[in-house]
Amino acid sequence: MILLHSTVCDRRMWDPQLPALVDAGYRVVRCDLRGFGETPMPDRPYDNAQDVTDLMDLLGVQQAALVGASGGGQVALEIAARWPQRVTALVLLAAAWAGHEPSADLRAFGEREDVLIEAGDMAGATELNVHTWLGPHADEATREKTRQMQRHAFDVQLAAVEEVEPINVEADLAAITAPSLLISGRHDLADFRWIAAQLSDQLADARHLELAWAGHLPSLERPDALNPVLIDFLHEAHTAR
């Protein structure tokens, strides 16, 4: 199983899932995408999906279930479309989608973040992300952990010599064969609830679960509630193969 983090966080966001998944019998791999955690920014355009499949090759993993949150969900979706034979199951938590046109609320968030970063107010930009992306059930320890991950991501990305962007390959949703679970949170921005609903309609074998208690990062907000959902779905998907 490959865990792909949100672009608010890094691989540490999966700390609450690791013990439960390992106890359930899964071999779990998590990584930092470029510009997050311990992985620096590159000096040229990069392909997150190719990076992840290269990691799978390095580890000798031919097939895996993919669990992706937000921006990591977009990467997981792209992998499942480009290399469908390598993905046994797909779980997307508040996934981003390259083809989505941002709502006014999401654009306003991005504009406010840009203003704060350009002003050098990294603490303010960090707090904006914590306030926007965590739902009401996140405790202060979770907020502090998210704060640390987001601030570190800013530091890593701003340390780059030049600004480069990831290469996004348009995903052919019709190519995806893995059973998929799309999870959204009722307290999240409407964009991500809409994406989950649209993807569940377009993927061949998919269901959509909206969590009444969740914001954008349910795996951090209430892991006790989310972990059984992940394990039950993954067990069902792999038993049916």
Practice task
Write out all pairs satisfying salt bridge (Lys or Arg N to Asp or Glu O under 4.0 Å) with one or both partners inside residues 177-187, taking only residues at least two apart or from two chains.
Solution key: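 Listed once each, the pairs are R186-E210.
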Handout entry: Heavy-atom side-chain contact between C9 and F36 under 4.5 Å
Key =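 Not in contact.
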Practice task
Please examine the side chains of D15 and R30, heavy atoms only from C-beta on, and report whether any two atoms are closer than 4.5 Å.
Solution key: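 A side-chain contact under 4.5 Å exists here.
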Problem - Geometric class of the W133/F109 ring pair [parallel <30°, tilted 30-60°, perpendicular >60°] - result: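 Rings of F109 and W133: perpendicular, as their planes differ by over 60°.
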Exercise for the section: Mind telling me whether H100 and W194 have parallel, tilted or perpendicular rings, with 30° and 60° as the class edges? Expected result: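 Tilted, since the angle between the ring planes falls between 30° and 60°.
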Residue pair [X] / [Y]: nearest heavy atoms and the distance that separates them:
X: A175; Y: A81; answer: CB-O, 3.5 Å
X: W213; Y: A225; answer: CZ2-CB, 3.7 Å
X: A138; Y: R143; answer: O-NE, 3.3 Å
X: L93; Y: S219; answer: CD1-CB, 4.2 Å

When the side chains of residues 195-203 are checked against the rest of the protein, which donor-acceptor pairs come out under 3.5 Å, sequence neighbours left out?
unit_1 : atom_1 : unit_2 : atom_2 : d
S200   : OG     : A196   : O      : 3.3
S200   : OG     : A197   : O      : 2.8

Practice task
Using modelled atom types only, decide if a donor and an acceptor are shared between the side chain of H187 and the backbone of A212 within a distance under 3.5 Å.
Solution key: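 Pair found, side chain donor or acceptor close to backbone of A212.
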Handout entry: Side-chain donor or acceptor of R193 paired with backbone N/O of D188 under 3.5 Å
Key =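 Checked: pair present.
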Is it true that the side chains of [X] and [Y] contain a donor and an acceptor less than 3.5 Å apart?
X: H216; Y: T132; answer: no
X: H152; Y: D10; answer: no
X: N129; Y: T126; answer: no

Exercise for the section: Report the distance from atom CD of Q63 to atom CD1 of I2, rounding to the nearest 0.5 Å. Expected result: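 Here the rounded value is 12.0 Å.
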Practice task
Determine the sole option in L226, L92, V67 for which the side chain to side chain contact (heavy atoms under 4.5 Å, CB included) test with I183 is passed.
Solution key: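 Of the listed residues L226, L92, V67, the side chain to side chain contact (heavy atoms under 4.5 Å, CB included) partner of I183 is L226.
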Handout entry: Pairing residues for R11 by the salt bridge (Lys or Arg N to Asp or Glu O under 4.0 Å) criterion, not counting sequence neighbours
Key =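 Partners of R11 under the salt bridge (Lys or Arg N to Asp or Glu O under 4.0 Å) test: D32, E38.
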Practice task
Can you establish whether the number of heavy atoms outside E140 located under 6.0 Å from its atom CD is more than 12?
Solution key: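 Check passes, neighbour count above 12.
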Practice task
Start with the C-alpha gap between M149 and L220, add the side-chain angles, then the distance that decides, and say whether side-chain contact (heavy atoms from CB on, under 4.5 Å) holds.
Solution key: CA-CA 12 Å; M149 290 187 286; L220 282 168; 4.2 Å; yes
Exercise for the section: Applying side-chain contact (heavy atoms from CB on, under 4.5 Å), run through E78 and W97 and close with a yes or a no. Expected result: CA-CA 9 Å; E78 185 179 322; W97 184 17; over 6 Å; no
